[in-house]
4 protein chains.
Amino acid sequence: MPLSKLIGPGSPEEPPSGKRERRKEARPGELLDAALDLFVEKGFAATRAEEVAARAGVSKGTLFLYFPSKEELFKAVVRENISGRFKEWNEEFETFEGSAADMVRYCMKVWWERIGATRASGITKLMISEARNFPELAAFYQQEAIRPGTQLIRRILQRGMDSGEFRQLDLDYAVFSIVAPMIFLIMMKHSLGPCAPQDYPLDPERYVQSQCETLLIGLCVRPDGGS
Amino acid sequence: MPLSKLIGPGSPEEPPSGKRERRKEARPGELLDAALDLFVEKGFAATRAEEVAARAGVSKGTLFLYFPSKEELFKAVVRENISGRFKEWNEEFETFEGSAADMVRYCMKVWWERIGATRASGITKLMISEARNFPELAAFYQQEAIRPGTQLIRRILQRGMDSGEFRQLDLDYAVFSIVAPMIFLIMMKHSLGPCAPQDYPLDPERYVQSQCETLLIGLCVRPDGGS
Amino acid sequence: MPLSKLIGPGSPEEPPSGKRERRKEARPGELLDAALDLFVEKGFAATRAEEVAARAGVSKGTLFLYFPSKEELFKAVVRENISGRFKEWNEEFETFEGSAADMVRYCMKVWWERIGATRASGITKLMISEARNFPELAAFYQQEAIRPGTQLIRRILQRGMDSGEFRQLDLDYAVFSIVAPMIFLIMMKHSLGPCAPQDYPLDPERYVQSQCETLLIGLCVRPDGGS
Amino acid sequence: MPLSKLIGPGSPEEPPSGKRERRKEARPGELLDAALDLFVEKGFAATRAEEVAARAGVSKGTLFLYFPSKEELFKAVVRENISGRFKEWNEEFETFEGSAADMVRYCMKVWWERIGATRASGITKLMISEARNFPELAAFYQQEAIRPGTQLIRRILQRGMDSGEFRQLDLDYAVFSIVAPMIFLIMMKHSLGPCAPQDYPLDPERYVQSQCETLLIGLCVRPDGGS
DNA sequence: AATGAATGAGTGTTCATTCAT
DNA sequence: TATGAATGAACACTCATTCAT
């Protein structure tokens, strides 16, 4: 099965009472949603404010009612979609019961499910594409998303090394063994993938699993020995 | 080492007599150079034609003397920098003497040296960032650069499997074990890297080597056995 | 007089409430008016879009809010001012009571009053000057304005021949006996006339009458009978 | 026959010896020729200097070697093609033997042959189309071409009135009975004619003759009497 | 004299942003 | 609050004109 939309077009959970009120309260979110899609698809510069507004179902003027400028809209899109879930995730891993290898498996699987397969993955594409145009934002992203993620992975690897599961690794480089395949998958999903569908009929789950297994063999002291 | 400098900053054979003439012949190249840098740095839309001209040391009008439009300039930049060197590389690998593992090591090392470390890596960043805005060009890139590269890697892996060095792999997915870390490195070099230098003090050579070794352990039947 | 003011500077029925709104509805018309004047005066290529906007009292951007390009503005100007009034005119002539000579007199007089003396005459000047640059538009003009006009005149002449008033004429050429002096008058009004006022102190009414009378003598079997 | 083809598509009389030299001397003329064609076809503003040069077979730079600016080129084109031949023509008519009606016939026939049918007619089209953009030039044209022409026609008509051939005419208006059909023919030839060939399959000679005869009936005291 | 590469002011067009309604 | 008409700065692209060769 080829890879496809595991995502859904936005979850309108819990609509408030009145119609107007709901829309009013939902406006910023709808705009951010629309903006995320368009920024990911066309980049910041090539996305027109009017198009964002249109896709959100409001007028151009309304957009500027909620965001003082296109640039602020962009920043809001990024900030909104980084949402520090790392505390939560950290706890998840603190209480994780299982081997370090399972943690790596779980980490990559969850990364795909919660980030890669969702609209949130657009942020990764966006930041990597636009980093040079938004250095402050890139720094913010680095600090809020990448650093915590890196720390999480380092802890996992450290744990594996401590427990004797993994061989001695240079963590500064080893983290990228997990990061690179995930980032690559996400970038492809949003750039060349849609342009050359025949060349990327990848099943993301199988991709993740495949990368994961090869990686684990590479990390473990005795890949198939142990037990 | 049978291989040598295939690249080089353009062969300046026979510079024409007059000052004007020499400059004239160099113009397209200078413009493409300047354009590559700027497109990589700021993206297509955010790069101003005049800036490209200025960086090439000419006026705005001169740019349009050589390229009929900004879009054609972009396409020329991409085309110019893809230049199928794959035939050459394929031959290099056909005559390669050594294990499949050495081929993988050599492949990634050379990828970094000839692409990653050079301005050519900008094209990769560019295409991944702008693919959605230039679908035809992305298709061209896919066909001229990615497909040959993928084939080359598939052959290497197949050879390793045939020789019993590597375990049985699903090639459709295994190629990305080599591709992903290289693409990741290149993307970082051109996007987040320059924005958060303190977070990426990576030594590319060590990165490549690290990824390579972990990967090879993951690929080989007996990671620490043969060879 | 069965005929009355068929022309008029547009019916301003029901001006909308707000200032903005009223202006908005009037914009296209104001722009077309300004554009007609300038195109007639300077030609298409030499007329700057900004000048058209300025004359209409709006900014350059507003012009492109209503017309997607300068060329479309030009086409709109022409189309707007051709407005097939020929059905109406044909009816007028069907029910005309009087001699064929009177019809010719009436025809030329009315031509001047309704076209020549009004801004509509600018379109004639414009089309003749710019035909080569707008072949499709010229064809449209030919079909919508010239062909019907020619047909009308042919019918008049035919009627005169049928009634024995006019001598036997080759209609293909005779129509120009009426057309040429009118077109000439209109061209002069818009080109050399304003440049050499001392040479064209012509009273258009007297011009039309003079041409008309000489022409009628030339057309009639026996202009005024014996003597 | 004292008069003969005085005009011709450029008189290359006395080509100098060497090829280069001839071309050198011919350059301005070739440029004026090319410019006339293009100005007539596209108007002043829409004609590009480079195109003129290309049609004349020289480079853009050479054009500005002979004419300091595009505007001066235009003026030169007009001046060159007006060439006061009126003194000559006046003499022709002074010594003309025949009736005033014959003079009118001869005048219109010759007008067509020497102006209308030749490239010189382009100047008429040009001046009428561009008069508003070149008021000084229009004044010059008025003085050098139109006024003498008008005078010539006035004299012819006056002679007819003096001899009793023509009825008493208001000369200020009567001249246009001759001028209008000729100008009309020339304008059509250069504007709508080429755009709607199916609507103008006119035989110019028959047109002139037709207009001429109708006109003469209108002018003469006894249209169907004499002759 | 002739060339054509180079220039840069000028123009059409876009689009983020404002503001009267 | 929401609208969308209006704005004008910005940019791609053109082309008359210059000038080194």
Side-chain angles (χ1 to χ4, degrees), chain A residues 20-21 23-24 27 45-54 57-73, chain B residues 16-25 27 45-53 57-73, chain C residues 16-25 27 45-53 56-73, chain D residues 20-21 23-25 27 45-54 57-73:
Chain A
R20 260 199 192 166
E21 264 181 84
R23 297 212 67 187
K24 195 160 70 181
R27 280 287 140 75
T47 296
R48 286 179 305 128
E50 189 162 23
E51 209 177 343
V52 174
V58 301
S59 75
K60 200 171 16 170
T62 304
L63 170 63
F64 288 91
L65 221 55
Y66 290 98
F67 304 96
S69 75
K70 190 182 162 189
E71 198 155 351
E72 286 304 320
L73 170 65
Chain B
S17 56
K19 249 185 185 175
R20 267 262 178 113
E21 270 181 74
R22 174 163 53 227
R23 299 209 68 188
K24 187 221 159 181
E25 294 221 345
R27 279 288 133 76
T47 297
R48 285 180 301 126
E50 191 162 21
E51 208 178 345
V52 173
V58 299
S59 74
K60 192 171 30 168
T62 303
L63 169 62
F64 291 95
L65 222 55
Y66 292 95
F67 303 95
S69 72
K70 188 183 162 187
E71 196 154 345
E72 286 304 319
L73 171 63
Chain C
S17 53
K19 251 184 184 175
R20 270 263 176 112
E21 272 182 70
R22 174 161 53 228
R23 301 206 69 185
K24 185 220 161 180
E25 294 221 345
R27 280 287 133 76
T47 297
R48 285 180 302 127
E50 191 161 21
E51 207 178 345
V52 174
V58 299
S59 74
K60 194 168 29 165
T62 302
L63 170 62
F64 290 93
L65 222 53
Y66 293 94
F67 303 95
S69 73
K70 189 182 163 189
E71 195 153 347
E72 286 304 319
L73 170 64
Chain D
R20 260 202 193 163
E21 264 180 85
R23 295 213 66 188
K24 196 161 69 180
E25 296 215 350
R27 280 286 142 75
T47 297
R48 285 180 304 128
E50 189 162 23
E51 210 177 344
V52 174
V58 299
S59 75
K60 201 171 15 170
T62 303
L63 170 62
F64 288 90
L65 221 54
Y66 291 98
F67 305 95
S69 74
K70 190 181 161 190
E71 198 154 352
E72 286 305 321
L73 171 64

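Each chain gets a letter, A, B and so on, in the order its sequence line appears, and its residues count up from 1.
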Chemist: Do any pairs count as a salt bridge (charged side-chain N to carboxylate O under 4.0 Å, His left out) and have a residue in residues 58-67 of chain B, sequence neighbours left out, and if so which ones?
Modeler: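 Qualifying pairs, neighbours excluded: none.
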Chemist: Quick one: is F:dA2 close enough that its OP1 or OP2 comes under 4.0 Å of any side-chain N or O from A:Thr62?
Modeler: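 No.
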Chemist: According to salt bridge (Lys or Arg N to Asp or Glu O under 4.0 Å), who are the partners of A:Lys70, at least two apart in sequence or on a separate chain?
Modeler: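 Salt bridge (Lys or Arg N to Asp or Glu O under 4.0 Å) check on A:Lys70 returns nothing, list empty.
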Chemist: For B:Glu51, give me all partners under salt bridge (Lys or Arg N to Asp or Glu O under 4.0 Å), at least two apart in sequence or on another chain.
Modeler: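 B:Glu51 satisfies salt bridge (Lys or Arg N to Asp or Glu O under 4.0 Å) with B:Lys42 once adjacent residues are dropped.
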Chemist: With A:Thr62, which residues qualify under side-chain hydrogen bond (donor to acceptor under 3.5 Å, both in side chains), at least two apart?
Modeler: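 Counting only residues at least two positions away or on another chain, A:Thr62 forms a side-chain hydrogen bond (donor to acceptor under 3.5 Å, both in side chains) with A:Ser59.
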Chemist: Can you tell me how far CG of C:Leu73 sits from CZ of C:Phe64, rounded to the nearest 0.5 angstrom?
Modeler: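 It is 8.5 Å, given to the nearest 0.5 Å.
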Chemist: Quick one: list whatever passes salt bridge (Lys or Arg N to Asp or Glu O under 4.0 Å) with C:Glu71, sequence neighbours left out.
Modeler: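 Per chain and number, C:Glu71 pairs via salt bridge (Lys or Arg N to Asp or Glu O under 4.0 Å) with no residue.
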Chemist: Would you give a per-nucleotide map of nucleotides 10-16 of chain F, 5' to 3', where B means the base has a protein non-hydrogen atom under 4.0 Å away, S means only the sugar-phosphate does, and - means neither?
Modeler: BSSBBSB
Chemist: Provide, to the nearest angstrom, the distance between the CG atom belonging to A:Leu63 and the C1' atom belonging to E:dC15.
Modeler: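 Spelled out: CG on A:Leu63 to C1' on E:dC15 is 12 Å.
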Chemist: Testing the basics here: between D:Leu63 and D:Ala53, what is the closest heavy-atom pair and its distance to 0.1 Å?
Modeler: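 Residues D:Leu63 and D:Ala53, closest heavy atoms: CB-CB, 4.4 Å.
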Chemist: Rounded to whole angstroms, how far apart are CZ on A:Phe67 and P on E:dC15?
Modeler: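 Atom CZ in A:Phe67 sits about 21 Å away from atom P in E:dC15.
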Chemist: Looking only at non-hydrogen atoms, find the nearest pair between D:Ala45 and C:Ala46 and report the distance.
Modeler: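 That closest heavy-atom pairing would be CB-N, 4.0 Å.
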Chemist: Where each pair must be Watson-Crick or G-U wobble with both distances under 3.5 Å, what dot-bracket representation of DNA chain F is obtained, with crossing pairs in [ ] and other-strand partners as |?
Modeler: .||||||||||||||||||||
Chemist: Using a cut-off of strictly less than 4.0 Å, decide whether B:Tyr66 has a side-chain nitrogen or oxygen near OP1 or OP2 of E:dA6.
Modeler: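 Yes, because at least one side-chain N or O of B:Tyr66 sits under 4.0 Å from OP1 or OP2 of E:dA6.
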